[in-house]
Amino acid sequence: MFNARVAEVLRSIAELLEIKGDNPFRIRAYGRAADRITVLQEDIASYAGQGRLEELEGIGKDLAAKIDEIIATGTCRHYEELKRAIPRGVVDMLAVPGIGPKTAKLFYDKLNIRSVAALQQAARQGRLAGLPGVQEKTVANILKGIELLEKGRQRMDILTAQQVAQAVVDGLKHLKSVKEIEPAGSLRRGRETVRDIDILAASPRPAPVMEAFVGLPFVKRVLAHGATKSAVLTQDDTQVDLRVLAPAAFGAALLYFTGSKEHNIKLRQLAIRKKLRISEYGIFDKRDRCLASRTEKEIYARLGMDFIPPEMREDRGEIEAGLRHALPRLVTAKDIRGDLHAHTRYSDGSATPEEMAQAGRRLGYEYLCLTDHSVSLKVAHGLDKERLKKKRAHIDRLNRKMRGLRLLFATEAEIDADGRIDYPVEVLKTFDVVVGAVHSGFKQSKAQLTRRIVRACRNPNVHIIAHPTGRQWPARPSYEVDFKEIFKIARETNTALEINCHPMRMDLGDIPARAAKEAGVRLAIGTDAHDVTHLDYMRFGVGLARRAWLEKQDLLNTCPLQKLLKAIKK
DNA sequence: GCCGTTTTCGGCCCGACTGTTTTCAGTCG
């Protein structure tokens with residue numbers, strides 16, 4: 001798989017060209033090509049091998065030749081030449097907020113500064129002030145920027161992001177001048193992790209909203225404070241941006257502030273081809289007459305497209321599909337009839353089966369799968385035969401007296417290092433649902449991990465593979481597996497793959513989940529709830545499924561109970 | 001460097017905020 005390397009080289013070239021002061025459009029061409037390859041599902045080398053690179057959007061003759069070279073040699077001459085001209089540390093300076101290519105180049109040219117550390121030292125020694133366009137405030141901002149960089153503004157999980165956004169919304173929604181207020185950005189798009197929080201408000205009088213925002217009690221530092229746009233840092237170093245526009249422009253503003261950047265750029269290009277112009281204020285004709293601005297839907301309609309749900313706005317084909325009126329009918333929260341992954345006190349959950357059942361009923365579920373851990377996962381009190389019997393009897397008793405919701409007797413069973421399940425066949429057969437999971441041996445090779453999962457799929461008693469890539473935010477990255485092979489076997493054996501929507505997991509992610517669907521694999525959303533409140537994470541799972549373009553029929557959870565039990569049969 | 005419902009040349013998303021400037025460049029999203 002060469003995609004990561006090719007993208008990395010192209011992105012580095014873009015950064016180096018920026019510092020060099022090259023044509024901005026050439027720079028963007030490199031950046032766009034890198035983005036395109038990052039989200040590409042197939043191996044770029046197979047495109048190259050078939051001479052099909054130029055079929056990819058944004059890749060022409062020149063880039064195709066460079067990509068061929070990178071695949072063959074791991075790098076390309078153009079890149080090596082640029083690296084010789086500009087030290088790595090100069091590129092690193094771009095990561096400092098407030099420092100762009102022009103400033104980095106200035107410091108390098110004038111003071112021979114070639115690292116962030118050297119920059120910090122020069123700033124402290126007062127050597128920066130006096131350079132063209134650099135005075136005291138700029139120096140102070142650079143020092144603040146370096147401090148910010150050192151703290152490492154990491155991406156946060158989606159639950160934390162929602163909580164921060166909610167705190168801001170709650171702090172401002174009662175203001176008289178606020179007509180509407182809503183989180184936008186990657187949070188609204190349902191991304192698996194979020195960096196900055198973007199919030200949009202509609203108000204005829206932005207000034208008091210801005211004032212209230214920068215004065216919120218959890219604001220540690222004000223990064224920008226303008227008439228309609230401000231940015232702050234919260235006590236825990238999360239950046240929150242607030243933009244305020246007139247209520248009449250709310251739709252246009254929401255479209256702009258939701259992004260993604262790539263989606264917006266493409267929409268705006270499309271508008272230009274139709275002799276129109278889009279901004280956060282609306283869609284305008286050549287004579288600057290506003291044609292639409294109140295809702296996103298009206299703006300899409302002016303472009304001849306169907307409304308594109310926020311989760312799809314990543315420039316991954318949704319614009320073309322919208323123009324053809326061929327968007328998928330994405331799954332919605334009300335399509336979900338049950339949760340397929342939840343724990344109780346029998347293993348490491350905090351709630352009883354009764355409490356989980358009540359919570360499930362409140363959510364309107366038809367069924368809830370109680371997937372306590374299996375015998376070999378001792379740290380999580382995996383159930384042995386005796387305790388399984390107790391749990392079975394307990395669930396049967398509850399099911400007899402309960403109306404509306406059926407508890408499913410299930411397990412999250414260990415897939416061992418060789419791909420075997422830790423319960424014997426006669427025990428496995430007693431479960432309504434078996435979810436197989438890898439919780440150990442993450443350091444195995446890609447081939448070994450793939451073999452393990454494939455073997456679990458081939459097991460006639462395993463119905464779902466939990467969190468297929470094992471990632472846990474932020475500490476543990478995904479282990480590598482051969483998705484192509486796993487999808488093929490999962491399909492052949494009628495094994496579903498899980499979209500585990502615990503905010504620390506979000507696994508499968510959007511890109512592999514979409515690839516799984518396209519490979520004909522069924523998916524199953526599970527919250528991995530260890531507490532009644534965790535059942536609410538289903539909303540993150542639905543968001544992720546929508547990002548993967550999933551429709552109702554692509555998921556197990558949307559089936560009524562009897563159909564579900566039939567659908568998982570192997 | 002890419003690309004074509006005006007174009008194979010001449011475009012390439014669009015606007016807010018900051019700091020340094022007397023009208024704008026740089027950065028950001």
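Keep in mind that this is a model prediction, so the values were computed, not measured. Every chain is numbered from 1, with letters handed out A, B, ... down the list of sequences. Below, each value reflects all heavy atoms present in this structure, side chains not excepted, and no hydrogens, waters or symmetry copies.
Rounded to an integer number of Å, the gap from Ile27(A) CD1 to dC2(B) P is 14 Å. Taking atom CG on Leu276(A) and atom C1' on dC13(B), their separation rounds to 14 Å, with Å as the unit. Rounded to an integer number of Å, the gap from CG of Leu56(A) to C1' of dC3(B) is 15 Å. Rounded to whole Å, the distance from NZ on Lys61(A) to C1' on dG1(B) is 13 Å. The separation between Phe25(A) atom CZ and dC9(B) atom C1' is 14 Å, rounded to whole Å. Rounded to whole Å, atom C1' of dC12(B) lies 16 Å from atom CG of Leu17(A). In this entry the distance linking CZ of Arg273(A) with C1' of dC3(B) reads 9 Å, nearest Å. Atom CG of Asp22(A) is separated from atom P of dG1(B) by 8 Å (rounded to the nearest Å).
Across dT6(B) and dC12(B), the matching P atoms stand 15 Å from one another, rounded to whole Å. Nucleotides dG1(B) and dT5(B), compared at atom C1', are 23 Å apart to the nearest Å. Rounded to whole Å, the P atom of dT20(B) lies 16 Å from the corresponding atom of dC28(B). Look at the C1' atom in both dC13(B) and dC2(B): the space between them is 16 Å, to the nearest Å.
No option in Arg32(A), Lys261(A), Glu262(A) other than Glu262(A) meets the side-chain contact (heavy atoms from CB on, under 4.5 Å) test with Asp315(A).
The pair Arg221(A)-Glu147(A) meets the salt-bridge criterion, since a charged nitrogen lies less than 4.0 angstrom from a carboxylate oxygen. Of the charged side-chain nitrogens involved, none lies within less than 4.0 Å of a carboxylate oxygen, so that Glu69(A) and Lys66(A) do not count as a salt-bridged pair. Residues Arg505(A) and Asp528(A) are paired through a salt bridge, judged by an N-O separation under 4.0 Å between the basic side chain and the carboxylate. We find that Glu192(A) and Arg471(A) are joined by a salt bridge, their nearest charged nitrogen and carboxylate oxygen being less than 4.0 Å apart. We find that Lys220(A) and Asp237(A) are joined by a salt bridge, their nearest charged nitrogen and carboxylate oxygen being less than 4.0 Å apart.
Checking dG15(B), dC13(B), dC2(B) against the side-chain heavy atoms of Tyr281(A) singles out dG15(B) as nearest. Candidate nucleotides dT18(B), dC17(B), dC13(B) were compared by shortest atom distance to the side chain of Asn141(A), and dT18(B) ranks first. When distances run from any side-chain atom of Lys137(A) to the nucleotides dC2(B), dG19(B), dC12(B), the shortest one goes to dG19(B). Each of dC2(B), dT6(B), dC13(B) was ranked by its minimum atom distance to the side chain of Lys275(A); first place goes to dT6(B).
Using a 4.0 Å heavy-atom distance criterion, Leu267(A) is classed as making no nucleic acid contact. Heavy atoms of Glu54(A) sit nowhere under 4.0 angstrom from any nucleic acid atom. Across all strands shown, Asp62(A) has heavy atoms under 4.0 Å from sugar-phosphate atoms exclusively, and none from any base. Among the atoms of the strands shown, only primed sugar atoms or phosphate atoms (P, OP1, OP2) are found under 4.0 Å from some heavy atom of Ala227(A). Among the protein residues, Ile265(A) comes within range of the nucleic acid bases, having at least one heavy atom under 4.0 Å from a base atom. Backbone-only contact: Arg243(A) has heavy atoms under 4.0 Å from sugar-phosphate atoms and none from a base. Among the protein residues, Lys66(A) comes within range of the sugar-phosphate backbone only, with heavy atoms under 4.0 Å from sugar or phosphate atoms but none that close to a base. Across all strands, Ser230(A) comes closer than 4.0 Å to no nucleic acid atom at all (heavy-atom distances).
Nearest-nucleotide positions on DNA chain B place Arg28(A) closer to the 5' end than the other of Thr228(A) and Arg28(A).
Neither side chain, Asn3(A) nor Arg5(A), offers a donor N or O lying under 3.5 Å from an acceptor on the other. No side-chain N or O of Arg205(A) forms a donor-acceptor pair with one of Ser177(A) less than 3.5 Å apart.
Within residues 201-226 of chain A, the residues approaching DNA chain B are Ala224(A), His225(A), Gly226(A), by heavy-atom distance under 4.0 Å.
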Next item on the list: Determine, for nucleotides 21-29 of chain B in 5'-to-3' order, which nucleotides have protein heavy atoms under 4.0 Å from the base (write B), from only the sugar-phosphate (write S), or from neither (write -).
Entry: S----SSSB
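The base-pairing partner of dC14(B), taking Watson-Crick or G-U wobble contacts with both distances under 3.5 Å, is dG29(B).
Stacking of Arg243(A) on the aromatic ring of Phe257(A) is not recorded, the 6.0 Å distance cut-off and the 45° axial limit not both being met.
Partners of Lys20(A) under the salt bridge (Lys or Arg N to Asp or Glu O under 4.0 Å) rule, at least two apart in sequence or in another chain, are Asp22(A).
Using a distance-only test at 3.5 Å, with no hydrogens or angles considered, a donor-acceptor pair links the side chain of Asp335(A) to the main chain of Thr332(A).
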